[in-house]
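A quick write-up on the structure given underneath.
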Amino acid sequence: MKEFANWSGVHRRRVEGWHQPSSEEEVATILDRARRSGQVVKVVGAGHSWSAAACTQGHAINLDRMDRVLEVDRARCRVRVEAGMRLRDLNARLAREGLAMRNLGSISEQSVAGAISTGTHGTGASFGCLSTLVRGLTLMTAAGERLEITARDEELFAAARLGLGALGVVTEVELECEPAFQLAEEAVGLPFEEAADALLDKVERHEHVKLWWLPHTDRAMIYAWDRTDAPATAGPGQGGALRGLVERAVGGGEGVDLGRVADTWINANVFDGLLRLGARTPALIPRINQMISEVYFVDRRRVGRSDAVFNLAMPPVHRELEYGIPLEAAPEALRRLKALIDRRGLRVNFIVEVRFMAADDLWLSPGYGRASCQLGAYMAEAPDLLAYFTLTESLFLEYGGRPHWGKEFFASHPVLRQALPRLDDFAALRRRLDPHGRFNNAFLRRVFGA
Ligand SMILES: Cc1cc2nc3c(=O)[nH]c(=O)nc-3n(C[C@H](O)[C@H](O)[C@H](O)COP(=O)(O)OP(=O)(O)OC[C@H]3O[C@@H](n4cnc5c(N)ncnc54)[C@H](O)[C@@H]3O)c2cc1C
């Protein structure tokens, strides 16, 4: 019996069966068998959700073998891929075609279908989550139907592009891209209050803006990225002076992104070690944070290929909770979060991240009908983690917050109904497409109350 574990290792499940189909025919056969024997099934993408969205004790279907590019239309900037394709492979292929994803999150390890199914996003007030880039998708339903869904199928399109794996198996996705581009990054460290004051102005003036703040310090970083024709620079990396040392130790090599190698090593060894130290002795966390912020939060400018600037080196293992709140509430909510940490004496060992997302029409999106500030509270295992997450969630809910489905949250159906105006519409569609709960799991029962 195979055990499924998500990226953080928090969710582990023994599954009854593990299936890796390599074609839609094979997916149809698995669904047919499940229908006849009353099995429950769940698609597992790359397992990178912090939530239990991809968990099942029934049969898991993983589309790692359905990872091909099916069509590239350079003139229309469109690409059609099999749904199991990883974003990192898609980025590489798009670059060879002179194309690029318009926006990306911090990593590209996710599968395309997994990323869109939870509303994975990057940052930028005029950029929606990745689901908004979907121009068409193919869905295989519990009844064995193959639905090709486009904007013409209004309701299905609004639901299935961010479907939580609740409506069926997504087998193909057509995405809108744009011509390949470079990004200029400007990263500036500011005292916390000044950063909170400057944030919304920055968001208006730049294409992509995010803020990082490490609790117990008074310094926040604002990162701004804009498209540029300037050539790529070798600019300093995230790890500042420490990164320079590691780069020298690791040495070079053709085709090696030295900076990325160094950052990954620092995250996995130095940063991870400090997190463990703080977990054992939480009183040290403020001092550790101070030290990390001095080394890590360095002003910098650089120009690079879009995906290399959007993406970060893999962070050390940690857990994340994130909610979407109205964009204009960002500075106040950030200040209240800081006050909450101080008032409760919480020892928080990981950054708070503030990102932005355009309004969209996806029924389950945090950005449904309103521009969103995506406020993330992150933490590696340590004694205050649970208290931090629950208190933070209560604060975000005060702003009409809507959870990021791929991250941890505790709210369930009655609370979520208040925050998501189309949750009931989605539930009705789900009952129509999956009347016997073939794709159900504990996560969906909590979200939909059934
Ligand atoms: C280190 C790290 C960094 C991250 N950075 C960001 C970030 O910057 N921005 C952000 O928004 N999120 C981020 N995330 C969250 C991540 O993008 C999402 O949780 C995403 O859903 C993970 O994709 P996956 O392929 O691993 O899907 P999984 O976690 O395996 O599955 C997620 C959901 O998609 C469903 N699903 C997967 N494939 C299919 C399919 N073919 N058909 C139907 N349903 C399917 C599953 O059933 C499940 O409900 C990050 C996660 C990690 C671990």
Side-chain angles (χ1 to χ4, degrees), residues 4-11 21 24 27 31 40-56 58 60-67 81-88 90 103-123 127-131 137-142 160-173 208 210 264 267 310-324 350 353 355 357 364-367 372 374 376 378 380 403-408 433-434 439-444 447:
F4 163 76
N6 72 333
W7 181 84
S8 66
V10 167
H11 301 293
E24 284 188 345
V27 173
L31 293 178
V40 287
V41 293
K42 177 90 329 210
V43 190
V44 174
H48 276 52
S49 290
W50 278 280
S51 68
C55 290
T56 184
I61 305 177
N62 170 257
L63 301 192
D64 276 1
R65 292 194 184 136
M66 291 178 68
D67 65 347
V81 300
E82 287 184 313
M85 181 163 210
R86 300 297 181 96
L87 285 172
R88 57 163 193 259
L90 177 59
N103 200 2
L104 286 167
S106 308
I107 59 156
S108 286
E109 296 304 306
Q110 308 94 322
S111 66
V112 169
I116 64 168
S117 296
T118 60
T120 294
H121 62 87
T123 189
F127 295 81
C129 64
L130 300 194
S131 319
L137 58 82
T138 304
L139 185 75
M140 301 193 61
T141 68
R161 282 176 294 161
L162 199 174
L164 302 185
L167 304 178
V169 182
V170 176
T171 53
E172 290 180 11
V173 182
H208 306 272
K210 73 175 181 189
T264 308
N267 286 348
F310 285 136
N311 284 172
L312 297 166
M314 194 49 98
V317 173
H318 66 281
R319 296 166 61 175
E320 296 198 359
L321 171 140
E322 177 184 318
Y323 267 71
F350 222 91
E353 185 172 45
R355 292 184 284 183
M357 210 168 83
L364 294 187
S365 170
S372 191
Q374 296 295 126
Y378 311 158
H404 184 314
W405 303 108
K407 306 206 175 179
E408 296 190 34
L433 287 180
D434 186 16
F439 298 105
N440 211 352
N441 63 1
F443 173 86
L444 292 177
V447 172

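Values below: all heavy atoms of this structure, side chains included; hydrogens, waters and symmetry mates excluded. Each ligand, and each atom within it, is numbered from 1 in the order the structure gives.
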Relative to [atom], which among [options] owns the nearest non-hydrogen atom?
| atom | options | value |
| --- | --- | --- |
| atom 51 (C) of ligand 1 | Trp7, Trp405, Phe443, Trp50 | Trp50 |
| atom 44 (N) of ligand 1 | Ser106, Ala54, Gly165 | Gly165 |
| atom 43 (C) of ligand 1 | Ala113, Gly168, Gly163 | Gly168 |
| atom 18 (C) of ligand 1 | Asn103, Val173, Asn441, Thr120 | Thr120 |
| atom 28 (P) of ligand 1 | Pro366, Ser8, Gly47 | Gly47 |
| atom 53 (C) of ligand 1 | Met140, His48, Lys42 | His48 |

[atom]: nearest protein contact (heavy atom, Å):
| atom | value |
| --- | --- |
| atom 22 (C) of ligand 1 | Gln110 CG, 3.6 Å |
| atom 19 (O) of ligand 1 | Ser49 OG, 2.8 Å |
| atom 33 (C) of ligand 1 | Thr118 CG2, 3.7 Å |
| atom 35 (C) of ligand 1 | Ser117 CB, 3.9 Å |
| atom 9 (N) of ligand 1 | His121 O, 2.9 Å |
| atom 25 (O) of ligand 1 | Ser111 OG, 2.7 Å |

Exercise. Among Cys129, Ser131, Ser49, Ser51, whose side chain to side chain contact (heavy atoms under 4.5 Å, CB included) with Thr118 holds?
Worked result: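 For Thr118, the side chain to side chain contact (heavy atoms under 4.5 Å, CB included) check succeeds only for Ser49.
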Against heavy atoms of [X], which atoms of ligand 1 measure under 4.0 Å?
| X | answer |
| --- | --- |
| Val169 | 42 (N) |
| His404 | 10 (C), 11 (O), 12 (N) |
| Val44 | 30 (O) |

Exercise. Residues two or more places apart in sequence or in another chain: which of them pass side chain to side chain contact (heavy atoms under 4.5 Å, CB included) with Ala46?
Worked result: His48, Arg86
Problem set entry | Set of side chain to side chain contact (heavy atoms under 4.5 Å, CB included) partners for Ala160, sequence neighbours left out |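 Ala160 satisfies side chain to side chain contact (heavy atoms under 4.5 Å, CB included) with Leu137, Ile149, Leu167 once adjacent residues are dropped.
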Quick check: [X] and ligand 1, any N/O pair under 3.5 Å apart?
| X | answer |
| --- | --- |
| Lys407 | no |
| Gly45 | yes |
| Ala83 | no |
| Ala46 | yes |
| Gly114 | yes |
| Val170 | yes |
| Val43 | yes |
| Leu63 | no |

For this session: Check if Glu320 has a non-hydrogen atom at a distance under 4.0 Å from any atom of ligand 1.
Result: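 It does not; every heavy atom stays at 4.0 Å or beyond.
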Exercise. Under a heavy-atom criterion of less than 4.0 Å, does Gln374 contact ligand 1?
Worked result: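 No.
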Exercise. Under a 4.0 Å heavy-atom limit, does Met314 contact ligand 1 with its side chain, its backbone, both, or neither?
Worked result: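 Under 4.0 Å from ligand 1, Met314 contributes side-chain atoms alone.
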For this session: Have a look at ligand 1 and work out which part of Met357, if any, has a heavy atom under 4.0 Å from it: side chain, backbone, both or neither.
Result: neither
For this session: Over 60° means perpendicular and under 30° means parallel, so classify the ring planes of Phe350 and His318, tilted if in between.
Result: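 Judged by the thresholds at 30° and 60°, the geometry between His318 and Phe350 is parallel.
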Exercise. Do Asn103 side-chain atoms and Thr123 backbone N/O form a donor-acceptor pair below 3.5 Å?
Worked result: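 Checking the backbone N and O of Thr123 against the side chain of Asn103, a donor-acceptor pair under 3.5 Å is found.
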Problem set entry | Closest contact, heavy atoms only, Tyr378 versus Glu353 |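 Smallest interatomic distance, heavy atoms only, reads OH-OE1, 2.5 Å.
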Exercise. Does the side chain of Phe439 reach to within under 4.5 Å of the side chain of Leu31, using non-hydrogen atoms?
Worked result: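 Phe439 vs Leu31: side chains touch.
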